[in-house]
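One-based numbering, in listed order, for ligands and for the atoms of each. Computed from heavy atoms alone, side chains included, the values below leave out hydrogens, waters and symmetry copies.
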Amino acid sequence: MASLSGLYSSSPSLKPSKNLSFKALPPAQSRDSFSFPHTSKPTTNLPLTLSSARSLARDISHSDYAKKKELVKDPDALWKRYLDWFYQQKDLGLYLDVSRVGFTDEFVAEMEPRFQAAFKAMEDLEKGSIANPDEGRMVGHYWLRDSTLAPKPTLKTLIENTLNSICSFSDDIISGKIKPPTSPEGRFTQILSVGIGGSALGPQFVAEALAPDNPPLKIRFIDNTDPAGIDHQVAQLGAELATTLVIVISKSGGTPETRNGLLEVQKAFRDAGLNFSKQGVAITQENSLLDNTARIEGWLARFPMYDWVGGRTSIMSAVGLLPAALQGINIREMLTGAKIMDEATRTTSIKNNPAALLAMCWYWASDGVGSKDMVVLPYKDSLLLFSRYLQQLVMESLGKEFDLDGNTVNQGLTVYGNKGSTDQHAYIQQLRDGVHNFFATFIEVLRDRPPGHDWELEPGVTCGDYLFGMLQGTRSALYANGRESISVTIEEVTPRSVGALIALYERAVGLYASIVNINAYHQPGVEAGKKAAAEVLALQKRVLSVLNEATCKDPVEPLTLEEIADRCHAPEEIEMIYKIIAHMSANDRVLIAEGNCGSPRSIKVYLGECNVDDLYA
Ligand SMILES: O=P(O)(O)OC[C@H]1O[C@H](O)[C@H](O)[C@@H](O)[C@@H]1O
């Protein structure tokens with residue numbers, strides 16, 4: 001298993017000295033993402049089978065209705081249904097139409113007690129209850145846009161101070177008060193954001209949705225440990241690396257992909273003769289490895305992340321706000337939009353609560369067990385990444401093996417989508433005519449382009465009218481074929497409406513999790529893949545050591561896969577050893593004496609050179 005010590009330090013100059021405190025971190029903050037700190041275990045000994053869990057959910061929900069799921073077809077009745085269920089939030093200019101989902105009044109009545117329990121759980125969560133029991137954490141992303149809700153005065157002050165320091169730091173960067181070290185006359189022109197998952201998706205979505213055409217700083221992302229992808233980003237920056245602010249984002253401060261991205265970028269800085277620390281900014285929890293590294297190396301700035309904000313709901317913390325502010329996006333407006341939506345989604349009347357309406361429709365459409373996928377189709381290019389953003393928010397929150405009572409439920413709701421009308425020329429054919437395994441969510445934006453710029457490309461019709469027509473046409477065509485859909489409408493894509501959309505879905509996910517009785521705020525399943533990845537890398541080290549020993553012999557002793565597996569004491573891992581060899585060979589790190597990689601039985605392997613130091617290590 002990978003060790004945390006020095007995880008952020010690969011170059012000799014960065015290795016922790018004996019006096020530096022790279023360990024002894026508090027448990028939650030020192031979480032090695034390659035370790036497996038907490039497994040969600042059933043709290044009872046009564047695991048249900050998947051099918052019995054599903055049938056239970058169906059029994060409780062709408063088994064009676066499911067069979068006679070018939071959508072209203074009569075135009076008068078449909079118009080009445082539209083008006084009956086139409087929701088609008090006037091201050092935000094946000095509308096929700098659930099008329100094309102076929103729930104019945106009986107179903108709504110049956111869901112009422114569950115929703116009342118969910119509203120109560122949400123109220124407790126907002127007051128600071130331990131809403132994430134597995135990790136013993138509060139869940140406080142709602143406080144980020146209304147600090148008066150924070151359960152302790154210290155948290156309120158922390159939120160406000162962080163927001164103020166984000167604003168003043170970004171003002172100083174944009175105005176050139178803080179200058180890049182090698183360009184005293186100039187100012188920072190680029191942001192390179194290094195982070196993954198919740199530490200990337202929010203900033204990516206906000207940048208795509210809201211960055212002006214000519215932002216004060218342009219943003220690029222490294223959100224993977226793909227060397228070619230990293231090289232591409234660095235190469236695209238070229239000489240502008242000297243005026244690039246590198247923002248490294250990791251709540252835990254120990255995520256390997258982010259660590260690797262940082263080390264790669266630091267190397268690029270060294271190669272260019274630049275001092276990384278004068279251009280580096282960290283966003284992470286206090287005392288995390290990343291925080292300690294940034295502090296010890298004297299980075300330009302550090303901003304806090306909090307234990308009580310999950311990665312996938314961190315968009316309104318420094319994670320999302322700092323990159324946004326640096327691009328000239330009005331972050332206070334984003335927060336206001338979210339705050340107004342939070343207020344609107346606190347009402348305990350399902351019909352008047354847009355998040356509850358969404359959650360209820362998801363439950364109806366997917367039988368409360370995720371039996372149908374949610375296809376998200378924003379008809380607006382700038383909202384392209386909303387579906388990708390929602391994919392993490394919804395699937396990492398709802399995709400759970402166990403419910404809160406320890407029953408095996410394998411819950412979830414699959415989300416995918418790109419944008420309309422583009423997708424109409426790709427997969428909408430299947431949605432209309434093919435396997436009926438989804439419901440759609442249309443995101444409509446009323447304002448086509450800024451006022452004064454529109455023109456009619458044919459008499460009476462603009463380009464935006466076509467987009468509108470495509471959306472309405474698809475919605476009707478899907479409905480005519482029995483496919484349900486939700487429509488969310490906003491007037492314009494603004495910081496306020498984007499903040500509101502995010503808050504709407506955060507709340508809907510929280511309520512849905514409550515009504516299906518799962519913990520929305522942990523992600524135990526993610527750890528399994530990380531643990532397995534760490535084991536693969538540990539095995540690779542053993543393989544290298546075995547090969548080194550054989551290479552140092554005189555004459556060199558090329559080894560077969562069986563011999564390597566044997567000497568690694570891992571005969572059961574021979575397939576993985578083959579994959580390791582094939583990968584290293586493709587990258588010129590091992591030599592094949594006989595055979596070729598395509599015929600595993602034939603190959604004999606050794607290293608390019610013997611490393612005597614490793615031999616006696
Ligand atoms: O922000 P970090 O601690 O680096 O975590 C980045 C991401 O990694 C994990 O795998 C989690 O599943 C995500 O929820 C998280 O957003």
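When only modelled atom types and interatomic distance are considered, Ser314 and Ser317 share no side-chain donor-acceptor pair under 3.5 Å. Side-chain N/O atoms of Glu240 and Gln190 include a donor and acceptor closer than 3.5 Å. Asp291 and Asn287 are not linked by any side-chain donor-acceptor pair at a separation below 3.5 angstrom, with hydrogens and angles left out of the test.
Interface atoms of ligand 1 facing Gln523, defined by a heavy-atom separation under 4.0 Å, are 12 (O). Taking a cut-off of under 4.0 Å to the non-hydrogen atoms of Val526, the atoms of ligand 1 that pass are 10 (O), 12 (O). Atoms of ligand 1 found under 4.0 Å from any heavy atom of Gln392 (numbered from 1 in listed order, with element): 13 (C), 14 (O), 16 (O).
Between Gly198 and ligand 1, at least one N/O pair is under 3.5 Å apart. In terms of polar-atom proximity, Lys251 is counted as a contact of ligand 1, with an N or O under 3.5 Å from an N or O of the ligand. At least one N or O atom of Ser199, backbone or side chain, sits closer than 3.5 Å to an N or O atom of ligand 1.
Judged by the 6.0 Å and 45° rule, Arg312 forms no cation-pi pair with Tyr521.
A ring-centre distance under 6.0 Å is found for Phe386 and Tyr505.
Within the structure, ligand 1 lacks Glu527 among the residues with a heavy atom less than 4.0 angstrom away. For Lys530, the heavy-atom gap to ligand 1 drops under 4.0 angstrom.
With a 4.0 Å heavy-atom cut-off, ligand 1 is reached by no atom of Met305.
Across the listed options Arg312, Glu396, His522, Glu396 owns the non-hydrogen atom lying nearest to atom 13 (C) of ligand 1.
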Apply salt bridge (charged side-chain N to carboxylate O under 4.0 Å, His left out) to Glu126 and Arg507, showing your working. CA-CA 11 Å; Glu126 288 200 301; Arg507 186 75 66 149; 3.1 Å; yes
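No side-chain donor-acceptor contact under 3.5 Å links Asp403 to the backbone of Val409.
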